[in-house]
Amino acid sequence: MTAEPKDRTAPDTPRSLDFIRAMVAEDLRTSKYGGRVATRFPPEPNGFLHIGHAKSICLNFGIAEENEGGTCNLRFDDTNPITEEDKYARAIQEDVRWLGYDWEDRLYYASDYFEQFYQYAVQLIEDGKAYVDSSSEEEIREYRGTVTQPGRESRYRNRSVAENLDLLQRMRAGEFADGEHVVRAKIDMASPNMLMRDPLLYRIRHVHHYRTGDQWCIYPMYDFAHCLEDAIERVTHSLCTLEFKDNRALYDWVLQNVGIPNPPEQTEFARLNIDYTVLSKRKLIRLVEEGHVVGWDDPRMPTIAGLRRRGVTPTAIRRFCDMIGVAKVDSRVDMGKLEFSIRDDLNQTSPRVMCVLRPLRVVIENYPEGQVEWLDAPYYPHDVPKEGSREIPFSRELYIERDDFMENPPKEFFRLAPGREVRLRYGYYVKCVDVIEDEDTGEVVELRCNYDPETKGGDSPDGRKVKGTIHWVSAEQSVPAEVRLYDRLFTVPDPEDAPEGQDFTTFLNPESMVTLTGSRIEPSVLQDPPGSRYQFERQGYFCSDIVDSSGERLVYNRTVTLRDTWAKIAEREAGRQPGGKVPKSETTGSNRAKGGTKRIRVGSAERDNRVSRYTKELGLSAGDANVLADNPWVREFFEKTLACYDNATAVAKWVVNDVLRVSKSVKDEDLALSHAHLAALVQMVEDGAITRSVAKEVFSEMAETDTDPREIVQRKGLDKVADGTVLDELVSSVIASQPDEAQRYREGKTALLGFFVGQVMKQSKGKLDPEAVKSLLQAKLSE
RNA sequence: UGCCCCGUGGUGUAACUGGCAACACGUCUGACUCUGGAUCAGAAGAGUCCAGGUUCGAGCCCUGGCGGGGCAACCA
């Protein structure tokens, strides 16, 4: 046996599951849906998909892939004909497919279910659970109330079933104009959940639908349609974003009231935010329509189409989604993570090629005029396991990058400068012997260099070192190219957080696209099709533009720069002069509460009396007394338990801490636990018959079944172990079985004491006195 | 001012039934290098929003506070 390899990223290391995957696994274990896993990705075809959707796609399709027999449907949630178009539906399919997911034959449309939705609406009306409301839009809004005030019932709420049915039929038949009637669920106009105040189910819209044409003039609302779509497709796990949290009550209500057995369950997760961009369809539409970008597939857009055109790979997007995880907290991911996953993928897959973005002419004075050498240059560096090379022309006149020359370089700059020598990648060493400047402007226009013929291929026979290697192209054989340098679309991390009177567009980055028209690229790329990806050596990853690039005109988009250590050094250098480092942001921790706060409570006299009775007469802590005073149900439980066992402080602790906990997961009146049994348990602990940890275990069983604690203790043999030898043996054996940890403890990692106590407690099934365990452990470990 | 959700290094997420706060990105060293890339080795950085409480032991359970977000479209 060899030692286990120290590989923290081993693929078979069981990565902890996110809360959704954990839930799916649990549902599978308990066979909640008969072992099925069925998800869906349900876009509305009213815009292009963006990387936030990619998160959802990866989640839904990912879960289906990961589970045997799992399926994920692609379903268009096309219930609002005003905004939806076929071109969007087609683009969405292309994007999902491009990301690498396959819905096989499960392409669905909500519009295919319109007849079924209608029948369900009829059913709800027949059951008296829905009605036709003829109030105006304004009235409905007014009657809905506000978040703090209950709504009022519509005067049409109690129409007869027959009248409702008749009206519904005539709505469908097109007898009414838009807005004349709506159908609403009859739920509760006073519900604290606004969505439950008789939500609209159907509205009249005399609009052409891109799929159903003019077949319908009534269209279902999201809350009515979506859950039914899931139910019709027998979806098991309906995943959506956090803002639908409150809609879940309605989702469940509809399914329950139309009588769907074993209904799908909605779970919400946080939508994706990335800094320096916006990820909401409404805002992206504005960018397109107001011409801030040039279409949905503008490479600056965070749309799938934009990212694709920019040169991002599906793999990079999927890995990014994998990396950011899934949770229930609103958060903002930094762009750096996306960039990392892009580089990480492209580094392994992109051929290297040389392109000079901002050319500076170089004449090699001692190189024969008219001579051209074709040098062999590998496409991939030594550490990328891929084969292939091309020939690049070397000649007397070259171009190098302007940035690679400095007349007065700082010490850390190791590229070209007067008198300095660098290596031309895959070529020769050259030394700068002269600098030619424009007489008027002083701008450097040309460099005169000498080359060392002995250094062909990049090595010198005398072994002298050159630190810098720069890229170049031959002046004559290189071809002109346009290069578009993309940068973040916005200048601030959170563009949506705009001051009064402004909006996110005020933060648009004017330099989000810089077009370079005079770039020169090596000729080897000439035959490559549009969309080809490269690494331009020392610059970044680029992709020839699928729209504008052709044999005549080469256009390249910068996907992402290389990591640039020099830029960091230069920035630091520049920043040192004026004020040095920016002080650490004041906002760090600004959302944290400062210090303690005074508790002000407007108590009734009755409440005050109770608190003082509890603290003074019964000797309870203020905390417990307050809880008891505030919660009538808990108070009653306490009083009744106290009647069975007269130890107020002990009983109060159990009631306040433990009874309250279990009572949260069930309706109060459903709690099985009886006062007498709790009293018995508390007494056993107080009498020293059982330990507290045993008592906790017994308690959780009691909370479910209300068994007599004495019976549980007896059945499981949980009496406290008083025998000192058992304690001694167990402690010794635990220490012996954990020699490494024991060593670490002795070396000062005393936090491990808890670990050891836990081990011993677990092995004794909680029957040992933890205090005794602890002190014995301490003694033995320091021997 | 009602209801609901959520607070863990700079960032995104983990932490099994309460038992060593972990991983990734980023940052900083160093090695290597014909890309100031990649790779490799290492380091710093949180005591889990605050205050009480329960417990031998709390990021996790209880109470109160503070902070952030969602909900008053005939949008989804």
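So you know, we letter chains A, B, ... as the sequences are listed, proteins then strands, and number each from 1.
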Fill in: Per-nucleotide pairing state of RNA chain B [Watson-Crick or G-U, under 3.5 Å; [ ] pseudoknot-crossing; | other strand]
.((((((..((((.....[..)))).(((((.......))))).....(((((..]....))))))))))).....
Select base, sugar-phosphate, or nothing to describe what [X] touches, counting heavy atoms under 4.0 Å on all strands.
{"X": "A/K762", "result": "nothing"}
{"X": "A/V147", "result": "base"}
{"X": "A/E771", "result": "sugar-phosphate"}
{"X": "A/L242", "result": "nothing"}
{"X": "A/R661", "result": "sugar-phosphate"}
{"X": "A/T565", "result": "sugar-phosphate"}
{"X": "A/M221", "result": "sugar-phosphate"}

Given [N], is OP1 or OP2 found less than 4.0 Å from the side-chain N or O atoms of [X]?
{"X": "A/T79", "N": "B/A76", "answer": "yes"}
{"X": "A/R203", "N": "B/C75", "answer": "yes"}
{"X": "A/R205", "N": "B/C74", "answer": "no"}

Hey, do the aromatic rings of [X] and [Y] have their centres closer than 6.0 Å?
{"X": "A/F542", "Y": "A/F536", "answer": "yes"}
{"X": "A/Y219", "Y": "A/Y202", "answer": "no"}
{"X": "A/Y428", "Y": "A/F394", "answer": "yes"}

Fill in: Residue among A/T79, A/D77, A/D78 satisfying side-chain hydrogen bond (donor to acceptor under 3.5 Å, both in side chains) with A/S111
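Single side-chain hydrogen bond (donor to acceptor under 3.5 Å, both in side chains) partner of A/S111 among A/T79, A/D77, A/D78: A/D78.
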Fill in: Per A/R415 side chain, nearest of listed nucleotides B/G36, B/U35, B/G70
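Side chain of A/R415 sits closest to B/G36.
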Item to complete: Counting heavy atoms from C-beta on, name the nucleotide in B/G2, B/C74, B/U55 closest to the side chain of A/K653.
Response: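 Selected nucleotide: B/U55.
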Worksheet item: Looking at residues 342-356 of chain A, who's got a heavy atom less than 4.0 Å off RNA chain B?
Response: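 The answer is A/N347, A/R352.
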Worksheet item: Roughly, in whole Å, what's the span from CG in A/D78 to P in B/C75?
Response: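 Atom-to-atom, A/D78 to B/C75, this comes out as 15 Å.
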Worksheet entry | Atom-to-atom span, CD of A/E571 to P of B/U27 - whole angstrom |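 Nearest whole value for this atom pair: 11 Å.
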Discussion item. Please report the distance separating the P of B/C4 from the corresponding atom of B/G9, rounded so that it comes out in whole Å.
Written reply: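 Taking atom P in both B/C4 and B/G9, they lie 27 Å apart.
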Confirm from the modelled atom types if [X] and [N] form a donor-acceptor pair under 3.5 Å, side chain to base only.
{"X": "A/D330", "N": "B/G68", "result": "no"}
{"X": "A/D383", "N": "B/G37", "result": "yes"}
{"X": "A/R538", "N": "B/G36", "result": "no"}

